[in-house]
Amino acid sequence: MTHLTIAMAKGRTADKALAFFEKAGIRFSEYHDKSRKLVIYDDENKVKLIFVKAVDVPTYVEKGAADIGIVGKDTIMEDPVDVYELLDLGIGKCQLAVAGFPDKQFPSSALLTVASKYPTVTKAYFDSKGIRIETIKLNGSIELAPLIGMADVIVDIVESGKTLKENGLVVLETIADVSARLIVNKASYATRTSQIQQVISDLKAALE
């Protein structure tokens, strides 16, 4: 049988996910965070792990290059793809939130300028509130935008809130709770149902 392929990004989420896999009996002894390898196999040579950029995980799964993916809910929300989302791993917990200066109001008449690396989520959220916005797409140091008058507010991932606080910003509204999710290719789920369900049930047991 061909390997079951799992896609994820390197980093803290991968470290925690691999600890769960180990508890579930799937061990990747050759993995260490300093390794540059992009493909590794589990000790029983049944599972192939591929390391890709976090934003690309859903694409690899949707296109069938990976059977399973582990990725943040924020990535799934920003770039919706046709996959099954089957398990919340409860790791990498944070919030997707609107942040800005403490006294910031959202007038419905004026155009609000929002800086974010999540333009799709941002538009959908403010559309639902009937607020017109202009989105400025930024990929890093988003907190800077309100400080220099480039944007009224930002939409970003907030973990501890420390960076916001140090820059005089606060969470104004929470859009969604975010954590790492297990997603599955639809065709793989149809053809390798028992194998994938076994992995999921083993992981569920490891999470308890």
Side-chain angles (χ1 to χ4, degrees), residues 3-22 24 26 28 30-42 47-99 115-125 135-143 154-164 174-186 188-189 196 199-200 203 207:
H3 293 90
L4 191 71
T5 304
I6 301 173
M8 67 174 87
K10 285 188 177 179
R12 281 185 300 172
T13 299
D15 294 343
K16 288 179 180 175
L18 288 172
F20 283 134
F21 277 117
E22 186 150 337
I26 304 167
F28 295 91
E30 62 174 316
Y31 173 78
H32 57 90
D33 53 12
K34 299 286 188 286
S35 171
R36 299 243 173 216
K37 277 191 170 183
L38 299 177
V39 181
I40 62 172
Y41 297 88
D42 78 310
V47 181
K48 178 166 71 174
L49 191 58
I50 60 172
F51 291 109
V52 302
K53 278 210 173 285
V55 292
D56 294 332
V57 170
T59 305
Y60 276 83
V61 176
E62 184 185 41
K63 299 297 181 192
D67 303 296
I68 292 172
I70 291 173
V71 68
K73 179 68 175 176
D74 55 312
T75 304
I76 300 167
M77 288 170 68
E78 179 59 29
D79 187 17
V81 292
D82 193 22
V83 297
Y84 294 129
E85 182 187 323
L86 295 182
L87 187 62
D88 181 351
L89 293 171
I91 53 180
K93 283 188 175 178
C94 49
Q95 291 179 325
L96 193 54
V98 183
S116 182
K117 69 171 180 179
Y118 301 100
T120 304
V121 172
T122 299
K123 184 179 185 311
Y125 179 73
T135 308
I136 298 170
K137 173 97 190 287
L138 294 176
N139 292 303
S141 304
I142 316 279
E143 298 83 6
I154 62 172
V155 168
D156 201 13
I157 286 292
V158 179
E159 204 166 345
S160 65
K162 197 174 167 202
T163 308
L164 290 179
T174 299
I175 296 174
D177 290 317
V178 170
S179 55
R181 309 297 166 99
L182 184 143
I183 58 174
V184 176
N185 173 272
K186 288 187 170 181
S188 297
Y189 196 68
I196 289 170
V199 168
I200 290 170
L203 280 173
L207 290 170

- Item | Side-chain touch Pro58/Val83, heavy atoms, less than 4.5 angstrom | no
- Query: Can you tell me how far the CZ atom of Phe21 sits from the CE atom of Met8, to the nearest 0.5 Å?
  - Reply: 5.0 Å
- Per side chain to side chain contact (heavy atoms under 4.5 Å, CB included), Leu49 is matched among Leu18, Asp42, Val39 by Leu18
- Item | Leu96/Tyr125 under side-chain contact (heavy atoms from CB on, under 4.5 Å): CA gap, chis, key distance, verdict | CA-CA 11 Å; Leu96 193 54; Tyr125 179 73; over 6 Å; no
- Message: If you apply the rule side-chain contact (heavy atoms from CB on, under 4.5 Å), what do you find for Ile40 with Phe51, and how did you get there?
- Response: CA-CA 9 Å; Ile40 62 172; Phe51 291 109; 4.2 Å; yes
- Query: So, for Lys117 and Lys137, which heavy atoms are closest and what is the spacing to 0.1 Å?
  - Reply: O-CE, 3.6 Å
- Taking all non-hydrogen atoms of both residues, which atom of Ala54 and which atom of Ala9 are closest, and how far apart? N-CB, 3.6 Å
- Task: Kindly state each residue pair satisfying salt bridge (charged side-chain N to carboxylate O under 4.0 Å, His left out) with at least one member in residues 75-88, sequence neighbours excluded.
- Result: Lys73-Glu85, Asp82-Lys186, Glu85-Arg181, Asp88-Arg181
- Query: OG1/Thr122 to CD1/Ile136 distance, rounded to the nearest 0.5 angstrom?
  - Reply: 11.5 Å
- Message: Is there a side-chain contact between Tyr118 and Ile175 in this structure, where contact means two heavy atoms from C-beta onward sitting under 4.5 Å apart?
- Response: no
- Item | Taking every non-hydrogen atom, the tightest pair across Ile70 and Ala180 | CG2-CB, 4.3 Å
- Message: Do Val81 and Val61 make a side-chain contact, defined as non-hydrogen atoms from C-beta onward lying under 4.5 Å apart?
- Response: no
- Note on the structure: For Ser188 and Asp67 the tightest heavy-atom approach is OG-OD1, 2.7 Å
- Report yes if some heavy atom in the side chain of Ile183 is under 4.5 Å from a heavy atom in the side chain of Val71; otherwise report no. yes
- Message: Test of understanding: with ring-ring contact (aromatic ring centres under 6.0 Å, His included), list the residues that count as partners of Phe28, not counting sequence neighbours.
- Response: none
- Determine the minimum heavy-atom distance between Ile50 and Ala65, stating which atoms define it. CD1-O, 4.3 Å
- For Lys123, which residues count as a side chain to side chain donor-acceptor pair (under 3.5 Å) partner, sequence neighbours excluded? Asp127
- In Å, rounded to the nearest 0.5 Å, how long is the span from CZ of Arg36 to NZ of Lys10? 8.0 Å
- Give every residue pair that meets the ring-ring contact (aromatic ring centres under 6.0 Å, His included) criterion with at least one member in residues 69-92, sequence neighbours excluded. Tyr84-Tyr189
- Task: Give the C-alpha distance, both sets of side-chain angles, the deciding distance and a yes or no for side-chain contact (heavy atoms from CB on, under 4.5 Å) between Ile154 and Leu138.
- Result: CA-CA 10 Å; Ile154 62 172; Leu138 294 176; over 6 Å; no
- Go through Val47 and Ile6 one step at a time and tell me if the side-chain contact (heavy atoms from CB on, under 4.5 Å) criterion holds. CA-CA 7 Å; Val47 181; Ile6 301 173; 3.5 Å; yes
- Leu203 side chain near Leu182 side chain, heavy-atom distance below 4.5 Å: yes
- Would you mind listing every ring-ring contact (aromatic ring centres under 6.0 Å, His included) that reaches into residues 57-79, with sequence neighbours excluded? none
- Message: For Leu164 versus Glu143, what's the shortest heavy-atom pair and its separation?
- Response: CD2-CG, 4.0 Å
Cut-off 3.5 Å, no hydrogens considered: what does the side-chain donor-acceptor table look like for residues 155-163, sequence neighbours left out?
unit_1: Glu159; atom_1: OE1; unit_2: Arg12; atom_2: NH2; d: 3.4
unit_1: Ser160; atom_1: OG; unit_2: Lys162; atom_2: N; d: 3.2

